[in-house]
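Each chain gets a letter, A, B and so on, in the order its sequence line appears, and its residues count up from 1.
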Number of protein chains: 2
Amino acid sequence: MADFSKPKSMVDQIYLSISKAITTGILEPGCRLVEQDLQKDFGVSRAPIREAIRLLEADGLVVVDAYTKKYVRNLTREDLTDNIPVLACLESLAAKLAAEKITPEQIEELEAINREIQHEFTAGNFAQCAALNFAFHRTFLKVADNKALRRAIRSIVKSTMWLWLTTQYYKNNTIIPSSIAEHGLILDAFKRKDTHLVENQVKEHIENVLDRFLKQSKFDTEGRYQFKMPPGHSVNAAPDI
Amino acid sequence: MADFSKPKSMVDQIYLSISKAITTGILEPGCRLVEQDLQKDFGVSRAPIREAIRLLEADGLVVVDAYTKKYVRNLTREDLTDNIPVLACLESLAAKLAAEKITPEQIEELEAINREIQHEFTAGNFAQCAALNFAFHRTFLKVADNKALRRAIRSIVKSTMWLWLTTQYYKNNTIIPSSIAEHGLILDAFKRKDTHLVENQVKEHIENVLDRFLKQSKFDTEGRYQFKMPPGHSVNAAPDI
DNA sequence: TATATTAATGTTGTCGACAATATGTCAAGA
DNA sequence: TCTTGACATATTGTCGACAACATTAATATA
């Protein structure tokens, strides 16, 4: 059957566009979002722009100051440390649920992804590594097959992980090799069908990844993340909020 | 210092009103939300109404069909079963974090709430019991002091617990006494400073509460929850939300 | 009577305009 | 030079209107 999926609504398109611009670092944290400017960019009136911004606000990607001006949210160290145990807890639940029903084929799928990460890393293609990393976690989240869990995890990933994404991919660091090794441990536990071990390995993996990220990241005296624009992106000076 | 908190914006007020109407059962699941009607109810134009509905949509309280009509979401059995392990996982994380830093005064606060639940139950005031139940959990969530965790739990409670609330408070069932007893076990574990035990007691408590709820609830053949309007509420009216 | 066609209605998506408020500029006076 | 106030500008909040589309009712035709 052909795919007759509806064309996305204006609001959805705007939402996705801005969302992507933020999560890829094109729009810097602290950058203002002015409805009139966006209106021109998208060639529509302000109504759909405003609705899209409301959704971004609900996602935590956009914040509003006391005078109702809108800015791209800038994460603080506290935001990240708060999220560590929550994401670790949810991902390990996903792993536990997945472990109870994962098939050999699905384990092979995970292994293939992990090999691909290794491959892209040696090729120096770090952006691709980050993407595949997400794919790895999405895969066993899919096996877990729990909508509420997916929603909860996506919410956290969406509101915080983009930072990790925008910085990791232009730094040749040690995060990726460590991740690959830890994925290997997780896969071993899956193969042994040791649910408890899977749970713990995933929990530790998430904690490690975020801890490593925190250690190599710069925050200012107020705890705000010091954003560095990836090469190849224009910088539009942004007021600090 | 006086409280100069700004008056809430129109959108916030509308959002809160409709939100409350849904979570308390004044607006039934499956009920349509028509912008023109809401416009009249609130005496404003459609723009702020639409923005508020977008937020409700992001919360999962409102769904949109293929023809972009809006309805109050109706939960299915699957929604609830999916949410059980997630909420149990998050609440037990909250309990764990709280156990590490809770003070005797805060434990006393929790005990006071639990005694109050008992008191309201014997007085037959079940609605109040439900509210105090939420207060109990909110209290140690506050002690845990983790914004990300609060956000995640609130999201789940908001999108699903309203149902639990609306039904529990007009039924004289066994849920409340069991909850009170389990709260007692949790309090004992807090007093012993046994973090691990606290974690497990809370996890079991949440699982039990939701399981008991599922058992006494009616679902149609499609798995949709069979809504029953609490007494004292008119069915279609609603506007005073 | 059943079905196809057309008209009327209901509802959402989008637009442009105006009002309200905050911010920035600049000249006059101390 | 520094403050003060008036004015211009920037930005958001809200409104009413229209277009687009789906739904229902009414009508005509077999």
Side-chain angles (χ1 to χ4, degrees), chain A residues 4-19 21-22 27-59 61-73 236-241, chain B residues 4-19 21-22 27-74 236 238-239 241:
Chain A
F4 287 112
S5 62
K6 283 213 166 182
K8 291 217 176 289
S9 75
M10 205 71 238
V11 173
D12 283 351
Q13 289 179 46
I14 296 167
Y15 167 77
L16 281 175
S17 263
I18 302 180
S19 192
I22 294 175
L27 283 172
E28 288 184 65
C31 183
R32 277 196 64 178
L33 291 179
V34 178
E35 291 168 13
Q36 244 172 0
D37 297 346
L38 295 168
Q39 181 180 189
K40 284 173 207 152
D41 294 342
F42 289 97
V44 296
S45 78
R46 277 173 52 219
I49 301 276
R50 284 178 63 86
E51 290 178 31
I53 289 180
R54 287 282 178 193
L55 294 178
L56 293 164
E57 210 185 317
D59 280 344
L61 250 43
V62 167
V63 292
V64 177
D65 70 9
Y67 304 109
T68 70
K69 289 181 183 166
K70 281 95 173 178
Y71 305 85
V72 175
R73 178 176 175 210
N236 287 344
D240 198 11
I241 54 169
Chain B
F4 286 113
S5 64
K6 282 213 167 182
K8 289 212 178 293
S9 75
M10 206 71 239
V11 173
D12 283 351
Q13 290 178 45
I14 295 168
Y15 167 76
L16 282 175
S17 270
I18 301 181
S19 193
I22 294 175
L27 282 172
E28 289 184 65
C31 183
R32 276 195 64 179
L33 289 179
V34 178
E35 291 168 12
Q36 243 171 3
D37 297 345
L38 296 167
Q39 181 181 188
K40 285 173 207 152
D41 295 340
F42 289 99
V44 295
S45 79
R46 277 174 52 217
I49 301 275
R50 284 180 63 86
E51 289 178 31
I53 289 180
R54 287 281 177 193
L55 293 177
L56 294 165
E57 209 185 316
D59 280 343
L61 251 43
V62 167
V63 291
V64 177
D65 70 9
Y67 303 109
T68 69
K69 288 181 183 167
K70 280 94 173 180
Y71 305 84
V72 175
R73 178 176 175 210
N74 195 356
N236 286 332
I241 34 187

Checklist outcome for this item: Between NZ of K69(A) and P of dA10(D) the distance, given in whole Å, is 12 Å
Item to check | Integer-rounded Å distance: dA22(D) P and Y71(B) OH | outcome: 14 Å
Checklist entry - Within the modelled atom types, does a donor on one side and an acceptor on the other bring the side chain of R32(B) and the base of dG10(C) under 3.5 Å apart? => result no
Checklist outcome for this item: Side-chain contact check for K70(B): nearest option of dT12(C), dT14(C), dT12(D) is dT12(C)
Next on the checklist: Counting only side-chain nitrogens and oxygens, does R46(A) get under 4.0 Å of the OP1 or OP2 atom of dG16(C)?
Outcome noted: no
Item to check | Any side-chain heavy-atom pair of I49(A) and L33(A) under 4.5 Å | outcome: no
Item to check | Point-to-point distance, once rounded to the nearest 0.5 Å, from CD1 of I53(A) to CD1 of I14(A) | outcome: 9.0 Å
Checklist entry - Whole Å only: how far is the CZ atom of F42(A) from the C1' atom of dC15(C)? => result 17 Å
Item to check | Whole-Å gap separating C1' (dT12(D)) and CE (M10(B)) | outcome: 16 Å
Next on the checklist: Please classify the nucleic acid contact of I49(B) as base, sugar-phosphate, or nothing, using heavy-atom distances under 4.0 Å.
Outcome noted: nothing
Checklist entry - With respect to the side chain of V11(B), which nucleotide from dC15(C), dT14(C), dT14(D) is positioned closest? => result dT14(D)
Item to check | S45(A) vs dT14(C): side-chain N/O to OP1/OP2 distance below 4.0 Å | outcome: no
Checklist entry - Taking the side chain of Y67(A) as heavy atoms from C-beta outward, which of dT23(C), dT14(D), dG13(C) is closest to it? => result dT23(C)
Checklist entry - Just how far, in rounded Å, is P of dG13(C) from NZ of K8(A)? => result 15 Å
Next on the checklist: Side chain of P48(B), heavy atoms from C-beta onward: which of dC15(C), dG13(D), dC15(D) has the nearest atom to it?
Outcome noted: dC15(D)
Checklist entry - Does a side-chain heavy-atom distance below 4.5 Å link Y15(B) with L61(B)? => result no
Checklist entry - What is the nucleic acid contact for I53(B), judged by heavy atoms within less than 4.0 Å: base, sugar-phosphate only, or nothing? => result nothing
Item to check | Whole-Å distance separating the CD atom of E51(A) from the P atom of dG13(C) | outcome: 7 Å
Checklist entry - Whole Å only: how far is the CG atom of L38(A) from the P atom of dA10(D)? => result 17 Å
Checklist entry - Whole-Å distance between dT14(D) P and I14(B) CD1? => result 8 Å
Checklist entry - Where the side chain of E35(A) is defined as all heavy atoms beyond and including C-beta, which of dG13(D), dC15(D), dT11(C) is the nearest nucleotide? => result dG13(D)
Item to check | Note, L56(A) side chain near K70(A) side chain (heavy atom, < 4.5 Å) | outcome: no
Checklist entry - How many angstroms lie between NZ in K8(B) and CD in Q13(B), if you round to the nearest 0.5 Å? => result 9.0 Å
